[in-house]
Every structure is written in structure tokens, then in C-alpha cells.
Amino acid sequence: MAKASSDRNTIDLFGSSRGRPRKQPLNRKDQLKINKRIQREKEKALGFKRLELVIDQDTIDKLDQLCELNDVKRAEWLTMQIALSFSKAKLSKAKNNKEKKSKTNKTATPNEQVIQQSAE
């Protein structure tokens, strides 16, 4: 069967496949690799660091439930909890320092107490 250049019915028999032309020469797997690398570079430029955790499935399920209740992603929930724990630690440390200072002030002479209070 011969193909005439003006024949529109048999183009698909001899030519490349019809449809939208390919714009990306890479296959899907390679495209995903490149896009993921670009995403990691953007995150790095924004100051993010990657963290990998190895935890059991039960803990992951609990984390997912907590995230769903608060309508946040895992990373956001973990960030909030770390910030909360850090602020609590700072408050308890500041409280302990005040208690230590007040104990030392009781044993100091009145002149030393005035000097310590003015230094604060």
C-alpha cells in the first residue's frame, strides 16, 4: 500500500503517533527527579533543613491524628511542639534563676541587696 502525501486518512499508519506533541524530552521518572531537586534547592535557599525520623507505625498514626485534629501538616505540628517545649524550658530556667537570686539576697547585707537590685 502506497502513501500519497495528500492523503489525510493514512497519515497515522506511517507517521509518528498523533496527539499533542511532546515538549519534554525526558520521561516522567526523570522529570520528577529534576523537580524534586529544584524543590530541595528552593527550601535550602529559604533556610529549611531536611530531617529524617525513624519511628514506629503506632506513633505515626498518633501524629497523623493530632495533625488532623489541628488541621496542620506533620512538620508544622512538630515545629509548634518544639517551640512550645523550648519556651517552657526558658521560663522554668528563668524561674529557677530568680529563686536562686532571691535565696542569695536573703543572706546578703542590706547594702549588698541594694547594689544587686540596682544591677538588675
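Only heavy atoms go into these numbers, but all of them, side chains included; no hydrogens, no water, no symmetry mates.
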Note to self: Once side chain to side chain contact (heavy atoms under 4.5 Å, CB included) is applied, do any residues pair with Leu69, and if so which ones, sequence neighbours excluded?
What the structure shows: none
Check: Roughly how far, to the nearest 0.5 Å, is the CZ atom of Arg74 from the CG atom of Leu53?
Finding: 10.0 Å
Next item on the list: Decide whether Asp61 and Gln57 meet the rule of one side-chain donor and one side-chain acceptor closer than 3.5 Å.
Entry: yes
Next item on the list: State the NZ-NZ distance between Lys88 and Lys90, to the nearest 0.5 angstrom.
Entry: 15.5 Å
Margin query: Out of the candidates Asp64, Leu63, Asp58, only one should pair with Ile60 under the side-chain contact (heavy atoms from CB on, under 4.5 Å) rule; please name it.
Written below: Asp64
Next item on the list: Kindly compute the distance separating CG (Leu66) from CH2 (Trp77), expressed to the nearest 0.5 Å.
Entry: 5.0 Å
Note to self: Looking at Ser92 and Ala89, would you say the former's side chain and the latter's main chain have a donor-acceptor pair under 3.5 Å?
What the structure shows: yes
Note to self: Applying side chain to side chain contact (heavy atoms under 4.5 Å, CB included) to Leu84 and Met80, what does each step give before you reach the verdict?
What the structure shows: CA-CA 6 Å; Leu84 181 65; Met80 290 187 313; over 6 Å; no
Margin query: Let me confirm one number: the CG-CZ distance from Leu32 to Arg37, rounded to the nearest 0.5 Å.
Written below: 12.5 Å
Notebook entry, point to check: To the nearest 0.5 Å, what is the distance between CD (Glu76) and CG (Leu78)?
Noted result: 10.5 Å
Check: Is it true that Ile55 and Leu51 fall in one hydrophobic cluster, defined by side-chain heavy atoms closer than 4.5 Å?
Finding: no
Check: Atom NZ of Lys49 and atom NZ of Lys44: how far apart are they, to the nearest 0.5 Å?
Finding: 7.0 Å
